[in-house]
Amino acid sequence: MSRILITSALPYINGIKHLGNLVGSQLPADAYARFMRARGNDVMFICATDEHGTPAELAAAKAGIPVAEFCADMWQVQKDIADGFRLSFDYFGRSSSQRNRDLTQHLAGKLADNGLIEEVSEKQVYSNADGRYLPDRYIEGTCPNCGFENARGDQCENCTKQLNPTDLINPRSAISGSTDLEVRETKHLYLRQSTMRDRLDAWIDSQQGWPILTTSIAKKWLHDGDGLRDRGITRDLDWGVPVKRGTEEWPGMEGKVFYVWFDAPIEYIAATAEWADANGLDDAAWESWWRTDKGAEDVHYVQFMGKDNVPFHTLSFPATLMGSDEPWKMVDFIKSYNWLTYEGGKFSTSQGRGIFMNQALEVMPSDYWRWWLLSNAPESSDSDFTWESFQGGVNKDLADVLGNFVSRVTKFCRSKFGEVVPEGGEYGKFEEATTATIKYLLEGDEERLGYFKLMESIEIRKAAHVLRGIWVAGNEYLQIAAPWSMYKKDPDAAAATVRYALNLIRLYAVLSEPFIPDASAKILKAMNVTDTSWPDDLEAAMEVLPAGHAFEVPEVLFAKITDDRRVELEEQFAGQG
RNA sequence: GGGCCUGUAGCUCAGUUGGUUAGAGCAGAGCGCUCAUAACGCUUUUGUCGUAGGUUCAAGUCCUACCGGGCCUACCA
């Protein structure tokens with residue numbers, strides 16, 4: 001048994017995420033967590049909402065409620081949706097928790113003690129009308145390069161030239177449109193990442209088998225231009241973790257908060273502490289996952305995220321932990337994902353293009369989404385969602401190959417033997433061959449990785465394809481064994497075939513659980529079995545349901561998506577953007 | 001501008017460290033089965049592996065250039 005710590009990138013609080021966000025972190029992390037638990041490992045799967053920063057403040061203002069209240073509401077909304085997708089977090093925390101405040105302030109204090117924090121005086125644009133400092137991208141104006149009138153303060157979207165807010169002609173606030181802006185001098189804390197460049201570089205070099213997407217992004221930041229740059233970790237905002245040096249005030253930093261990207265990854269740790277608190281456990285419980293001096297030295301830690309998050313997880317957060325000079329558990333594997341596109345274009349929150357998580361659950365069951373998204377996860381490059389592909393994948397894989405297999409076996413059994421595992425006959429060469437085929441698909445060989453290895457190495461998409469192959473093996477078996485014709489001349493032989501096939505159904509429920517937990521549960525319930533033990537011994541697994549065991553024919557597991565329905569959905573979702 | 005990824009059958013994609021006749025699913029065609037959600041199984045058509053060069057006994061696999069698609073580029077998270 002291993003101890004496996006899994007974190008999924010924190011969804012930002014300002015709105016409901018779309019399917020691209022889901023497939024890029026939470027969903028594959030969940031499949032991995034479920035798989036690892038099923039194999040008997042001790043798993044800690046952590047996620048939380050990322051609640052600080054300007055967008056949260058603005059979203060709250062737009063909703064006309066205090067930001068703390070807004071975040072509390074949105075946390076519940078996101079939690080409910082996560083539950084709807086059956087995301088099996090051991091704890092879903094909040095980055096605004098007291099635990100995170102304490103830990104963020106503590107780590108900042110340690111970094112300062114170790115000479116890794118620098119105060120920098122800089123000029124920031126302040127909007128009098130809005131009563132706040134504006135991040136670069138919240139300032140708009142005319143691009144000095146191409147004349148585009150809606151250029152943003154960080155970059156002109158029209159000519160892609162990078163800008164400073166002060167470059168803009170006729171700058172205005174993107175929030176209020178006010179032109180009453182002024183440049184103010186303000187002090188901020190910078191994390192001296194540059195001094196840790198070689199350590200970070202060596203640390204990344206020492207990692208084995210990370211996705212090329214992960215390492216190439218990290219290397220680029222480490223070596224591009226002058227190398228890794230220091231980064232401001234504070235902001236002039238109201239909403240966030242107040243800047244403190246440990247538990248002490250930080251002179252000159254009054255009224256400022258830490259930058260979200262400083263406190264958000266720390267929430268992985270803090271959320272584990274929240275988990276301990278929520279379960280009435282002491283600090284030792286969460287520290288055994290995070291402190292290598294308190295039991296975490298044998299923990300295997302895996303992070304999941306979209307590619308946009310890679311720099312923070314390969315550089316800033318490791319720099320924070322390393323720089324504290326305390327024995328924090330560092331990540332062992334960073335799984336990063338490309339983007340999911342929608343009907344050939346981008347998912348867009350601002351334009352309402354694509355499918356959001358709440359809408360998805362309103363129109364289709366979560367298993368359908370889980371299966372399509374995981375079997376098409378953007379692991380090697382971007383993947384495109386189309387309703388046609390979704391319909392095809394769900395209908396062929398789930399309804400025809402798996403669902404219909406369960407249906408044909410249980411219904412045949414009911415009509416010939418009743419709703420009970422039939423006795424008589426013995427397993428023979430067909431069963432032996434099928435078991436061998438499935439064993440190969442599970443374990444693989446030197447040339448081809450099997451389901452187990454693919455899941456362990458987080459090749460989710462490939463694992464899904466192999467899993468499908470295991471379902472197909474059941475249909476192939478039935479075709480060869482043909483119990484419907486065998487029944488006429490040798491009912492005992494047919495009974496043995498049905499008994500084997502019923503055991504296949506249970507096996508499929510166990511193996512498929514990481515991908516389609518609802519269907520898996522439905523199957524197990526119908527088969528009247530609670531034994532979900534992992535089939536380390538496949539021969540034994542084919543005997544779990546003994547002759548005489550009662551079961552029920554389940555309802556149709558996966559209703560097909562009709563062409564009419566697909567067209568309806570295409571139209572419903574095309575109308576928005 | 002710089003960096004990274006990517007371009008393989010009509011579609012979506014696999015193709016390990018270069019090695020015999022390039023694979024899978026879907027779609028198409030044929031056959032079989034009739035237990036089943038008109039489901040399942042078997043067989044089968046299609047490829048100058050983006051283009052042009054190069055290295056090699058041998059390249060989809062390595063190198064160079066070019067063309068196409070995507071992403072990142074540090075104050076949105």
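Chain identifiers are assigned alphabetically (A, B, ...) following the order of the sequence lines, protein sequences preceding nucleic acid strands; residue numbering begins at 1 within each chain. The figures that follow rest on heavy atoms only: side chains count, while hydrogens, waters and symmetry mates do not.
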Worksheet item: Side chain of A:Arg235: nearest nucleotide among B:A77, B:C75, B:U34?
Response: B:C75

Fill in: Test side-chain hydrogen bond (donor to acceptor under 3.5 Å, both in side chains) applied to A:Lys219 - qualifying residues, sequence neighbours left out
A:Asp201, A:Asp205

Worksheet item: When the ring planes of A:Phe412 and A:Tyr487 are compared, do they come out parallel, tilted or perpendicular, using 30° and 60° as the limits?
Response: perpendicular

Discussion item. Does A:Phe405 reach a base, just sugar-phosphate, or nothing at all? Heavy atoms under 4.0 Å.
Written reply: nothing

Discussion item. Would you say A:Lys560 places a side-chain N or O within less than 4.0 Å of OP1 or OP2 belonging to B:A38?
Written reply: no

Practice prompt. Using both pair distances under 3.5 Å as the test, note the stems of at least 3 consecutive Watson-Crick or G-U pairs that include RNA chain B.
Written response: B:1-7 with B:67-73, B:10-13 with B:23-26, B:28-32 with B:40-44, B:50-54 with B:62-66

Practice prompt. Would you indicate what A:Leu213 reaches in the nucleic acid, counting non-hydrogen atoms under 4.0 angstrom: base, sugar-phosphate, or nothing?
Written response: nothing

Worksheet item: Can you tell me how far P of B:G10 sits from CD of A:Glu388, to the nearest Å?
Response: 17 Å

Worksheet item: Taking the side chain as C-beta and beyond, is there a heavy-atom pair between A:Phe70 and A:Trp239 under 4.5 Å?
Response: no

Fill in: d(CG, A:Asn475; C1', B:U37) in whole Å
12 Å

Worksheet item: Picking from B:U34, B:A74, B:C75, which would you name as closest to the side chain of A:Tyr259?
Response: B:C75

Item to complete: Using whole Å, report how far CZ of A:Phe430 lies from C1' of B:G41.
Response: 13 Å

Item to complete: Using the C1' atom on both, measure B:A36 against B:G41 and round to a whole Å.
Response: 13 Å

Worksheet item: Can you list the residues that meet the salt bridge (Lys or Arg N to Asp or Glu O under 4.0 Å) rule with A:Lys453, with sequence neighbours excluded?
Response: none

Fill in: Phosphate contact (B:U37 OP1 or OP2) by A:Lys411 side-chain N/O below 4.0 Å
yes

Discussion item. Please give the distance between the C1' atoms of B:A58 and B:G19 as a whole number of Å.
Written reply: 6 Å

Fill in: Rounded distance (nearest 0.5 Å) linking atom CZ of A:Phe390 with atom OH of A:Tyr368
8.0 Å

Worksheet item: Using a cut-off of 4.0 Å on non-hydrogen atoms, how would the nucleic acid contact of A:Phe312 be classed: base, sugar-phosphate, or nothing?
Response: base

Worksheet item: Which nucleotide, B:C76, B:U37, B:A77, lies nearest any side-chain atom of A:Asp50?
Response: B:A77

Item to complete: Round to the nearest Å and state the distance from A:Phe417 atom CZ to B:C35 atom C1'.
Response: 11 Å

Worksheet item: Is it true that the NZ or CZ of A:Lys335 lies under 6.0 Å from the centre of A:Phe304's six-membered ring and within 45 degrees of the ring axis?
Response: no

Discussion item. Distance check, P atoms only: B:C66 and B:C4, in whole angstrom units.
Written reply: 14 Å

Worksheet entry | Protein-nucleotide distance (A:Met305, atom CE; B:C72, atom P), rounded to Å | 16 Å

Item to complete: Using the C1' atoms only, state how far B:U21 lies from B:G47, rounded to an integer number of Å.
Response: 14 Å

Worksheet item: With a 3.5 Å cut-off and just heavy-atom distances, do the side chain of A:Trp221 and the base of B:A74 make a donor-acceptor pair?
Response: no

Worksheet entry | Heavy-atom check, side chain of A:Tyr268 versus side chain of A:Leu10, under 4.5 Å | yes

Worksheet item: Looking only at N and O atoms, is any donor in the side chain of A:Arg408 or the base of B:A39 less than 3.5 Å from an acceptor on the other one?
Response: no

Worksheet, complete the sentence: Atom CG of A:Asn338 and atom P of B:U6 are separated, to the nearest Å, by 9 Å

Discussion item. Starting the side chain at C-beta, find the nucleotide from B:C72, B:C42, B:U37 nearest to A:Glu476.
Written reply: B:C42

Fill in: Integer-rounded Å distance: B:A14 P and A:Tyr451 OH
19 Å

Worksheet item: Residues in salt bridge (Lys or Arg N to Asp or Glu O under 4.0 Å) with A:Glu185, at least two apart?
Response: A:Lys123

Item to complete: Consider the side chain of A:Asp308, meaning its heavy atoms from C-beta on, and name the nucleotide among B:C40, B:C33, B:A77 that approaches it most closely.
Response: B:A77

Discussion item. Quiz question: going by heavy-atom distance under 3.5 Å, is there a donor-acceptor pair between the base of B:C75 and the side chain of A:Glu122?
Written reply: yes

Fill in: Euclidean distance for P, B:A39 against B:C72 (whole angstrom)
41 Å

Worksheet, complete the sentence: Heavy-atom nearest nucleotide on RNA chain B taken for A:Val401 and for A:Arg137; more 5' hit belongs to A:Val401

Worksheet item: When all nucleic acid strands are considered with a 4.0 Å heavy-atom cut-off, which category describes A:Tyr477: base, sugar-phosphate, or nothing?
Response: nothing

Worksheet item: Closest to the A:Pro55 side chain: B:C76, B:C75, B:A74?
Response: B:C76

Practice prompt. Give a yes/no answer on whether the side chain of A:Arg468 brings an N or O atom under 4.0 Å of OP1 or OP2 in B:C13.
Written response: no

Discussion item. Using a 4.0 Å heavy-atom cut-off, does A:Ser216 contact any base of the nucleic acid, only the sugar-phosphate backbone, or nothing at all?
Written reply: sugar-phosphate

Worksheet item: Quantified in whole Å, what is the P atom distance between nucleotide B:A9 and nucleotide B:G3?
Response: 29 Å

Discussion item. Can you identify which nucleotide, out of B:A74, B:C75, B:G2, has its nearest atom closest to the A:Lys220 side chain?
Written reply: B:G2

Worksheet entry | Interatomic distance, A:Trp261 CH2 vs B:C76 P [rounded to whole Å] | 13 Å

Item to complete: State whether the aromatic ring of A:Phe412 stacks on the base of B:C35, taking stacking to mean ring centres under 5.5 Å apart and ring planes under 30° to each other.
Response: no

Discussion item. Given B:A36, B:C75, B:C40, identify the nucleotide with an atom nearest to the side chain of A:Arg231.
Written reply: B:C75

Worksheet item: Within the structure shown, what part of the strands sits under 4.0 Å from A:Gly392 by heavy-atom distance: base, sugar-phosphate, or nothing?
Response: nothing

Worksheet item: Side-chain N or O of A:Lys396 less than 4.0 angstrom from OP1 or OP2 on B:C40?
Response: yes

Worksheet entry | Which nucleotide in B:U37, B:U12, B:A77 has an atom nearest any side-chain atom of A:Asn376 | B:U12

Worksheet entry | Donor-acceptor pair (no angle test) under 3.5 Å: A:Asn404 side chain, B:A36 base | yes

Discussion item. Does A:Val260 reach a base, just sugar-phosphate, or nothing at all? Heavy atoms under 4.0 Å.
Written reply: sugar-phosphate

Worksheet item: On a whole-Å scale, what distance lies between the C1' atoms belonging to B:C31 and B:U48?
Response: 33 Å

Discussion item. Nearest to the side chain of A:Trp484, heavy atoms from C-beta on, is which of B:C40, B:U34, B:U37?
Written reply: B:U34

Worksheet item: Is a donor-acceptor pair below 3.5 Å formed from side chain A:Gln479 to base B:C42, judging by atom type as modelled?
Response: no

Practice prompt. Measure from the side-chain N and O atoms of A:Ser97 to the backbone N and O of A:Arg94, and report whether any donor-acceptor pair falls under 3.5 Å.
Written response: yes

Discussion item. Going by salt bridge (Lys or Arg N to Asp or Glu O under 4.0 Å), name the pairs with one or both residues in residues 481-506 of chain A, residues two or more places apart or in two chains.
Written reply: A:Arg506-A:Asp531

Discussion item. Are A:Leu402 and A:Ile516 packed together at the side-chain level, in the sense that at least one heavy-atom pair is separated by less than 4.5 angstrom?
Written reply: yes

Fill in: Distance between P atoms of B:G69 and B:U12 (Å, rounded)
16 Å

Response to the item:
Between A:Asp397 and A:Asn309, the residue closer to the 5' end of RNA chain B by nearest nucleotide is A:Asp397

Practice prompt. Using the test salt bridge (Lys or Arg N to Asp or Glu O under 4.0 Å), find all partners of A:Asp397 that sit at least two apart in sequence or belong to another chain.
Written response: A:Arg468

Worksheet item: Base, sugar-phosphate, or nothing: which does A:Lys462 touch, judged by heavy atoms less than 4.0 Å apart?
Response: sugar-phosphate

